[in-house]
Structures are given as C-alpha cells and as structure tokens.
Trainee: 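Got a structure for you, written out below as structure tokens; questions coming shortly.
Given the structure is predicted, the values throughout are model-derived calculations rather than measurements.
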Amino acid sequence: MMWVGVLILVLLAFLAFSAFVAYKMITPPRLVGDWTPKDIGFDYEEVTFETKDGLRLSGWWVDNGSDKTVLPLHGYTASRWERLYMRPTIEFLLREGYNVLAFDFRAHGKSGGRYTTVGDRELLDLRAAVNWLRKNHPQSAEKIGLVGFSMGGIVTIRALAEVGEICCGVADSPPMYIDRTGARGLRYFAKLPEWLYHFVKPFIKLFSGGKEVHPIEYSDRVRKPLLLIAGENDPLVKVEEVKKFYERNKRINPSVELWVTDVPHVRTLKFHPEEWKGKVREFLGKWMG
C-alpha cells in the first residue's frame with residue numbers, strides 16, 4: 001500500500017502548491033514610485049480616507065479649480081505611480097481642466113489591506129473615495145467620472161450600475177470573466193497551465209474573503225455613458241468577450257461605445273496616445289459637460 005501513501009503526499013504537495021499560487025496572486029508586489037503631480041506642473045495634496053470595512057487608503061487630490069472631477073483607476077499590481085498608463089492619464093486629465101483624485105486600491109501602493117479581491121471589495125474603495133470628495137470638496141463634485149484600466153475597468157463598470165454619484169466612465173481592457181482572465185494570467189505571467197486556476201480559485205476565495213466578479217453580468221444593469229476599449233492582441237481579455245458585453249448592453253444603454261484597437265492589454269494609450277486622448281476627450285466632454 002506504499003503507493004497510496006505516495007499518492008497522498010503528491011496530492012498534498014499539489015494542494016500546497018495551489019495554495020501558494022493563490023496567496024501570491026492576492027498579495028501583489030506594491031508599486032510605490034518617486035514622481036508626484038508636482039513633477040508635471042500641478043500642486044497636489046496627499047490624502048487618506050477609510051473604507052466601510054475599515055481600511056485606510058492613500059491618494060492624491062489635485063484641485064484644478066473645476067466643478068468636475070475624474071478618478072483614474074489603476075489595474076492589478078499597479079498603483080497611482082504606474083507610468084505606462086496612470087501617469088499619462090493623470091497628466092491628460094489635468095491638462096483637460098478636470099480635478100483629479102487618484103488613489104491606490106487596497107493591497108496596492110501605499111493603501112492598507114493585505115489582500116486584493118480584483119474588483120469585488122475594490123468597489124468599497126471607490127465609494128470611500130467618492131464620499132471623501134463629496135464631504136471635503138462638494139463644489140468639485142458636481143460631475144464625477146471614471147477612467148479605469150483592467151481591474152479599474154471592472155470597478156468602473158460596477159460603479160456605473162451601483163454608485164449613483166458617477167455620471168460616466170471609460171473602461172480600458174476590462175476583464176469580463178474574471179476566472180478566464182485569471183487562468184490566462186497564470187499562463188501569461190507565471191508560465192503555468194490555465195487548468196491550474198480551477199484548483200487555485202478556492203484558495204483565493206478562502207484567503208481573501210472576496211468573491212468572483214464577472215462584469216459581463218452587469219451588461220443588463222449599466223445605463224450610464226460607458227466607453228469600452230479593447231485590444232485585439234490582449235492575452236488576458238478577449239475582444240469577443242468585450243464585444244459580447246457591448247452587444248448586450250447597447251440593448252438597454254444607448255450611451256455605450258466600443259473602440260477596438262490592435263494592441264495588447266492596457267496598451268492603447270502607449271501605442272496610440274493621440275487617438276486615445278481624442279476619444280476620451282470627446283467622451284468626457286460630451287457627458288461631463
């Protein structure tokens with residue numbers, strides 16, 4: 001019966017490895033940079049605010065003298081210091097005349113929290129940011145818009161359905177099925193087989209306490225202006241999945257738009273900066289007034 005013991009050891013080792021992978025996935029490395037809005041010519045204030053579940057989040061408030069504020073929302077493993085899309089987005093929004101409230105989601109950057117839930121409890125983070133803005137700068141909160149990337153795109157879509165203060169949003173490379181994107185991420189980032197995600201997922205839920213959020217389920221709920229951006233060469237989010245959301249949402253939402261580009265994940269701003277800025281400028285200008 002030695003083979004039974006060996007089999008049990010192999011099974012335990014496999015489960016331990018799956019648990020390790022899950023832990024690594026929900027505890028991303030914290031990105032903290034050395035640039036601030038001051039480096040692009042804007043005074044700013046370091047701010048903190050608390051979520052409903054007791055986490056303290058960290059961010060920047062840049063008062064541009066407007067009654068309209070846009071919140072740029074970073075993706076998984078990133079933060080407000082991310083240079084590929086967050087820094088150029090913050091600079092773009094400020095030069096367009098909007099106020100900007102940029103913050104780090106839980107378990108990212110300088111914000112509190114041990115685990116990320118990749119779009120679930122991050123909605124609490126956004127609510128805390130909006131509440132802080134309305135309480136401390138009500139004159140700047142006449143119109144509140146979002147520009148979210150990847151995980152930030154998930155939060156953008158959810159917020160359009162669930163957060164009344166948000167008037168419009170841009171979702172760049174938003175995963176539509178978090179389990180599919182998670183499985184692809186294992187292969188893309190860690191060179192592990194996608195099927196492993198089925199064994200990793202229970203540990204993710206156990207450790208983080210979060211639930212899976214599939215934005216495709218919000219396609220029948222979003223009725224506010226939404227600009228979706230998807231890349232044909234995205235290894236994590238398939239264009240067909242974003243198109244499916246768009247086709248379903250436009251049945252109830254005449255203000256949804258889809259822009260498909262030829263780039264990888266969250267790379268449209270990098271490879272087509274002027275087109276991206278033009279699209280987002282037109283969208284925000286139309287719906288934020």
Side-chain angles (χ1 to χ4, degrees), residues 18-36 46-61 71-87 89-90 101-132 146-159 162-163 171-175 178-179 181-186 188-190 192 197 200-215 236-237 265-266:
S18 298
F20 171 76
V21 172
Y23 180 79
K24 296 295 287 185
M25 290 181 74
I26 61 175
T27 55
R30 288 179 178 268
L31 174 61
V32 177
D34 57 2
W35 73 272
T36 71
E46 292 272 1
V47 299
T48 60
F49 40 86
E50 190 170 307
T51 66
K52 186 177 180 180
D53 58 345
L55 296 181
R56 185 160 293 277
L57 307 182
S58 179
W60 294 321
W61 164 245
L71 282 65
L73 306 177
H74 68 77
Y76 171 70
T77 75
S79 72
R80 67 189 126 136
W81 283 282
E82 200 277 336
R83 289 179 176 269
L84 176 67
Y85 56 80
M86 284 295 284
R87 176 167 176 162
T89 296
I90 291 171
L101 177 55
F103 68 94
D104 303 324
F105 282 120
R106 62 185 58 210
H108 289 80
K110 287 188 174 181
S111 285
R114 187 174 181 182
Y115 303 123
T116 178
T117 60
V118 195
D120 176 22
R121 294 181 180 172
E122 284 71 19
L123 190 67
L124 298 179
D125 302 348
L126 176 65
R127 287 186 187 276
V130 171
N131 290 340
W132 179 91
L146 305 175
V147 178
F149 297 86
S150 194
M151 179 177 72
I154 294 176
V155 177
T156 295
I157 290 171
R158 291 191 66 199
E162 299 185 23
V163 182
D172 191 323
S173 307
I178 197 65
D179 52 351
T181 295
R184 293 167 190 149
L186 281 181
Y188 184 73
F189 293 112
L192 295 171
Y197 187 80
V200 170
K201 182 167 63 173
F203 290 107
I204 289 177
K205 293 181 178 180
L206 177 65
F207 296 155
S208 72
K211 63 181 181 181
E212 286 184 320
V213 174
H214 302 295
L236 303 176
V237 181
H265 197 61
V266 297

Trainee: If you look at every heavy atom in P215 and P175, which pair is closest and at what distance?
Mentor: CG-O, 3.0 Å
Trainee: Quick one: CD on E50 to CG on N131, what's the gap to the nearest 0.5 Å?
Mentor: 12.0 Å
Trainee: Tell me if a side-chain donor or acceptor on R80 pairs with a main-chain N or O of G109 at a distance below 3.5 Å.
Mentor: no
Trainee: Kindly give the heavy-atom pair with the smallest separation between V118 and I154, and that separation in Å.
Mentor: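 Closest heavy-atom pair between V118 and I154: O-CD1, 3.9 Å.
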Trainee: Quick one: does V32's side chain get under 4.5 Å of D104's, heavy atoms only?
Mentor: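 No. Closest side-chain heavy atoms not under 4.5 Å.
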Trainee: Roughly how far, to the nearest 0.5 Å, is the CG atom of L31 from the CD atom of E82?
Mentor: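 It is 7.0 Å, given to the nearest 0.5 Å.
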Trainee: Looking at every non-hydrogen atom in both residues, tell me the closest pair between S173 and V237 and how far apart they are.
Mentor: O-CG2, 3.9 Å
Trainee: So which atom in A107 and which in P28 form the shortest heavy-atom distance, rounded to 0.1 Å?
Mentor: O-CG, 3.9 Å
Trainee: Is there side-chain contact between F149 and T89, with heavy atoms separated by less than 4.5 Å?
Mentor: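 In short, these two side chains touch, coming nearer than 4.5 Å.
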Trainee: I need the minimum non-hydrogen distance between P174 and I157, along with the two atoms involved.
Mentor: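 So the minimum-distance heavy-atom pair works out to CB-CD1, 4.0 Å.
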Trainee: Go through the steps to decide whether M25 and F207 satisfy the test side-chain contact (heavy atoms from CB on, under 4.5 Å), and finish with yes or no.
Mentor: CA-CA 11 Å; M25 290 181 74; F207 296 155; over 6 Å; no
Trainee: Heavy atoms only: give me the nearest I90-A102 pair and the separation to one decimal.
Mentor: CD1-CB, 3.9 Å
Trainee: Just verifying a value: how many Å separate T36 OG1 and E46 CD, rounded to the nearest 0.5 Å?
Mentor: 8.0 Å
Trainee: Count the heavy atoms belonging to other residues, nucleotides or ligands that lie under 6.0 Å from OH of Y188, then report whether that count exceeds 12.
Mentor: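 For Y188, atom OH is not crowded (no more than 12 foreign heavy atoms under 6.0 Å).
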Trainee: Starting at CG of L55, measure out to CG of L124 and round the result to the nearest 0.5 Å.
Mentor: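 One gets 8.5 Å once the value is rounded to the nearest 0.5 Å.
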Trainee: Applying side-chain contact (heavy atoms from CB on, under 4.5 Å), run through Y197 and I204 and close with a yes or a no.
Mentor: CA-CA 10 Å; Y197 187 80; I204 289 177; 4.0 Å; yes
Trainee: Rounded to the nearest 0.5 Å, what separation is found between the OH atom of Y76 and the CD1 atom of I26?
Mentor: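 Between atom OH of Y76 and atom CD1 of I26 there are 9.0 Å.
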Trainee: Quick check: does any side chain N or O of T181 sit under 3.5 Å from a backbone N or O of L236, one acting as donor and the other as acceptor?
Mentor: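 Yes.
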Trainee: So, do T77 and M151 sit near enough that their side-chain heavy atoms are less than 4.5 Å apart?
Mentor: no
Trainee: In terms of relative ring orientation, are H74 and H108 parallel, tilted or perpendicular, with 30° and 60° separating the classes?
Mentor: tilted
Trainee: Under the side-chain contact (heavy atoms from CB on, under 4.5 Å) criterion, do W60 and L101 qualify, and how do the steps go?
Mentor: CA-CA 6 Å; W60 294 321; L101 177 55; over 6 Å; no
Trainee: Counting only N and O atoms by type, is there a donor-acceptor contact under 3.5 Å from the side chain of T156 to the main-chain atoms of A171?
Mentor: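 Looks like no, no N/O pair under 3.5 Å.
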Trainee: Test L57 against W132 for side-chain contact (heavy atoms from CB on, under 4.5 Å), laying out the working first.
Mentor: CA-CA 11 Å; L57 307 182; W132 179 91; over 6 Å; no
Trainee: Taking only residues two or more places apart in sequence or in another chain, which ones pass ring-ring contact (aromatic ring centres under 6.0 Å, His included) with F103?
Mentor: F49, F105
Trainee: Quick check: does any side chain N or O of R30 sit under 3.5 Å from a backbone N or O of S111, one acting as donor and the other as acceptor?
Mentor: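 It does hold such a pair.
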Trainee: Within the 4.5 Å heavy-atom criterion, are W35 and R83 side-chain neighbours or not?
Mentor: yes
Trainee: If a pair satisfies side-chain hydrogen bond (donor to acceptor under 3.5 Å, both in side chains) and one of its residues is in residues 118-129, list it, with sequence neighbours excluded.
Mentor: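 Qualifying pairs, neighbours excluded: R106-D125, T116-E122, T117-E122.
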